[in-house]
Amino acid sequence: MNKEYLYEKLADLAVRKGVNIQKDQPLVINANIRDAAFTKMCVRKAYEAGAKSVTVNWLDQELSRMNYEYQSVETLQDIPDWIHERGKTEHENGAAYLRIISDKPGAMKGVDPEKMNAYQQAYYRKNADLQAYTMNNIGQWCIFGVPSEEWAAVVFPDKDVREAYDCLEQAIFDVTRVHEDSDPVQEWKEHTESLEHHAEILNEYQFKALHFTSELGTNLTVELVKDHIWAGGGCTTPKGVYFLPNMPTEEIFCMPLKTGVNGIVYASKPLSYQGKVIEDFWFRFENGKVVEFDAKKEKEALQALVEFDEGSCYLGEVALVPYDSPISKSGILFFNTLYDENAACHLALGRPYPENIKGGTEMSEEELKEHGANASMEHEDFMFGTKEMSIDGIREDGTSVPVFRHGNFVF
Ligand code: ZN
Ligand code: ZN
């Protein structure tokens, strides 16, 4: 098999379908230096597609780690003005952003979390006015993954380095629908249309609640906020440019009513949280709140999540992913949310997405709360979808409509 050819296809997909770079538009790529070869392919593809300029910011996890280890908290918090200036100029020029990831899971393990928080909060504060550009989809942005040996070693710990890399590489080609004889740009067009079709149907229904049952014992009712919006697939900028913020993406997602979750949910996959892997766990909800939980492994980590802040024991997201989606079929735990959250139906404890309620992106946090939304600093997805998952949509009058049978959409 000609690997070079597959990587060309992958780069093409990232640039043309992911960010959908426009003629005379600047592109900014943030990439790990280990991914230089793939990044350069993306640069060339972007120029060929008519990009005005392509700027690459090289990142390196080991350098980041050394900064945390050796710099004082004061130095870490001192974000230079030019960082903000740079972002501002990029936005004024209408830039698009491509983030290429291949990170080693747990690379920051053992780094003082206070230092990391101090830097991240300072960075966020310094650039607070710049967040809306990507958060509200003013310019296109895309997060895209490529394999690395460091990452593969964590995903396939029992294999030798070369073999592990080959397995992760194949998995990434598969889940991004890149094969020798496939047309991934066309396949992604059809796939996102199917996601948007499902979202539209559910938006029409405006169900009061969804009722989930599974062979693991899940029996959970999740009420949705009024005027909710099921989102998924791609986004469109105010200039009308369609792009895919996450590649791959398999989910459609919505906003639960903070106080409207009742019953028990059994996780169907392990959860990687703060460098720990939590296994075989469940939550019991009453009026939205986690009132009981247990895990066969790393229960303390689960407790840390539930007790993280006031809102981390309530849900912020409910997402539907068919059991026969490619990531689900791969059966691989990637230890990276970009992939893992697309493997099965999931729920997230913590912060909701404002786009999931009508007018939500213009609402203050207070207004969102008044509409029944949760609020939290945390947003942690966990998978509970299974092969035999059933979902029923409950209407206002109490009647129900089948949504999922045997792990997949009925429509
Ligand atoms: Zn999600
Ligand atoms: Zn999520």
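Counting starts at 1 for both ligands and their atoms, following the listed order.
In His379, the N, O or S atom that comes nearest to the Zn ion (ligand 2) is NE2.
Looking at Gln170 and Asp174, their side chains do bring a donor and an acceptor atom within 3.5 Å of each other. Between the side chains of Tyr97 and Glu90, a donor-acceptor pair is found at a separation under 3.5 Å.
Relative orientation of the Tyr119 and Tyr123 rings is tilted, given thresholds of 30° and 60° on the angle between their planes.
Among residues two or more places apart in sequence or in another chain, the side-chain contact (heavy atoms from CB on, under 4.5 Å) test is passed with Ser376 by Asp309, Ser312, Glu378. In this structure, Asp280 has no side-chain hydrogen bond (donor to acceptor under 3.5 Å, both in side chains) partners at least two apart in sequence or on a different chain.
For residues 306-335, the set of pairs meeting the ring-ring contact (aromatic ring centres under 6.0 Å, His included) definition, not counting sequence neighbours, comprises Phe334-Tyr339.
Shown here are the protein N/O/S atoms lying under 2.8 Å from the Zn ion (ligand 1), water excluded: Glu251 OE1, Glu317 OE2, Glu341 OE1, His346 NE2.
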